[in-house]
Amino acid sequence: MTTDIDSLIRRSGRLEVDDIDFGAFGRHPLDADTLRCLRYMHDVEGHTACYLRDVLATRAHRDPQVTAFLACWCYEEHWHGEALAQVLAAHGEPAGRSRLAASRRRLPRRDAFRPVAFTLASALTPHIVAVHMTWGAVNEWATQAGYGRLAAKARHPVLSELLRRIMRQEGRHIDFYALGARQRLADSATARRLTRFALRRYWAPVGAGVMPDSELRFLVDHLFADVEGRAAAQRIDRLVGRLPGLEGLHLAEAAVDGLACRPSTLTASPVEPSRCQNRQEKEHRHAC
């Protein structure tokens with residue numbers, strides 16, 4: 001693991017976008033659905049520093065390998081958000097710090113108590129780092145899959161190249177999280193039980209609790225509810241299932257089933273669209 005973190009630090013850096021032709025988005029703009037997904041991804045990438053705040057409130061901050069990784073991870077995720085901001089700005093969309101400031105002002109009051117909850121959880125069990133490593137691996141697998149699905153659906157060559165570069169860095173994050181999770185889960189039956197319980201009880205797709213529920217549902221439905229998307233969700237579940245003690249959770253596919261408007265059979269139904277429409281109308285009234 002020391003060799004891996006040393007390699008990660010050496011290769012860590014700002015996402016290279018100087019040769020990306022952001023002006024192409026003015027000539028060939030993205031469709032509305034793709035932009036809606038990019039807004040979500042931009043805001044979640046920009047929230048990484050807040051996730052870091054919570055993690056460092058646990059005993060994870062005592063492990064120099066973990067903190068070295070987290071420093072690189074947060075830095076790279078920041079530049080992912082900045083790159084997505086440039087895409088949004090090319091479409092005349094609010095992006096960057098002003099958008100993130102507004103997003104953070106909308107966080108629920110309970111967000112202020114998250115560091116306290118993480119600190120208490122860390123005081124109760126020495127295995128909180130195993131939970132964090134595993135949770136991070138699941139989230140990074142899901143994030144990478146989401147970028148891949150968006151590139152496939154948008155079919156915009158400039159966006160595809162940008163997302164490919166982001167996915168490459170996300171792959172390094174996956175390597176560290178998955179290795180850390182595998183080692184810690186293999187070492188302790190208690191860590192396996194605790195992590196399995198935490199994921200089954202509390203895991204939700206990246207951005208849940210930060211982004212509006214209507215936006216989360218749209219993203220999951222747009223990227224993962226079709227045949228290719230469900231195959232991507234099943235792949236995430238297979239990767240999670242290879243970690244010690246986590247077989248059979250089916251987190252990603254269950255999330256698609258619970259959040260997507262389309263039925264899991266992917267067959268046409270005269271009833272399902274009206275259900276989806278009614279649910280979206282209820283969410284809209286609730287938001288108002």
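Because the structure is predicted, anything quoted here is derived from the model rather than measured. Values below: all heavy atoms of this structure, side chains included; hydrogens, waters and symmetry mates excluded. One is the number of the first residue; the rest follow in order along the sequence.
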How about CZ on Arg97, more than 12 heavy atoms from neighbouring residues, nucleotides or ligands closer than 6.0 Å, or not? no
How about His91: does its NE2 atom have over 12 heavy atoms from other parts shown lying under 6.0 Å from it? yes
So, taking the atom named [atom1] in [X] and the one named [atom2] in [Y], what distance separates them when rounded to the nearest 0.5 Å?
| X | Y | atom1 | atom2 | value |
| --- | --- | --- | --- | --- |
| Leu38 | Phe25 | CG | CZ | 8.0 Å |
| Asp21 | Glu161 | CG | CD | 12.0 Å |
| Leu219 | Ser214 | CG | OG | 11.5 Å |
| Asp31 | Cys37 | CG | SG | 8.5 Å |
| His156 | Leu150 | NE2 | CG | 11.5 Å |
| Leu15 | Leu84 | CG | CG | 9.0 Å |

Would you say the ring centers of Tyr177 and His173 fall short of 6.0 Å from each other? no
Answer yes when [X] and [Y] have at least one side-chain N-carboxylate O distance shorter than 4.0 Å, and no when they do not.
| X | Y | answer |
| --- | --- | --- |
| Arg217 | Asp213 | yes |
| Glu76 | Arg172 | yes |
| Asp111 | Arg106 | no |
| Asp63 | Arg184 | yes |
| Arg182 | Asp187 | no |
| Asp33 | Lys153 | no |
| Asp237 | Arg242 | no |

Go through the structure and list residues passing side-chain hydrogen bond (donor to acceptor under 3.5 Å, both in side chains) with Asp19, not counting sequence neighbours. Arg165
Relative to each other, are the rings of Tyr51 and His47 parallel, tilted or perpendicular (30° and 60° limits)? perpendicular
Could you walk me through whether Phe22 and Leu162 satisfy the side-chain contact (heavy atoms from CB on, under 4.5 Å) test, starting with their C-alpha distance in whole Å, then the side-chain angles of each, then the deciding distance to 0.1 Å, before giving a yes or no? CA-CA 10 Å; Phe22 289 99; Leu162 176 62; 4.3 Å; yes
Using the six-membered ring of Tyr75, assess whether NZ or CZ of Arg14 lies under 6.0 Å from its centre and within 45 degrees of the ring axis. no
What's the shortest heavy-atom distance between [X] and [Y], and which atoms?
| X | Y | value |
| --- | --- | --- |
| Tyr40 | Val206 | OH-O, 2.7 Å |
| Pro205 | Leu259 | CG-CD1, 3.8 Å |
| Arg196 | Gly245 | NH1-O, 2.9 Å |
| Ala191 | His127 | CB-ND1, 3.7 Å |

If you measure only the distance, is there a donor-acceptor pair under 3.5 Å linking the side chains of Gln169 and Trp73? no
Would you say the side chains of Glu77 and His80 form a donor-acceptor pair under 3.5 Å? yes
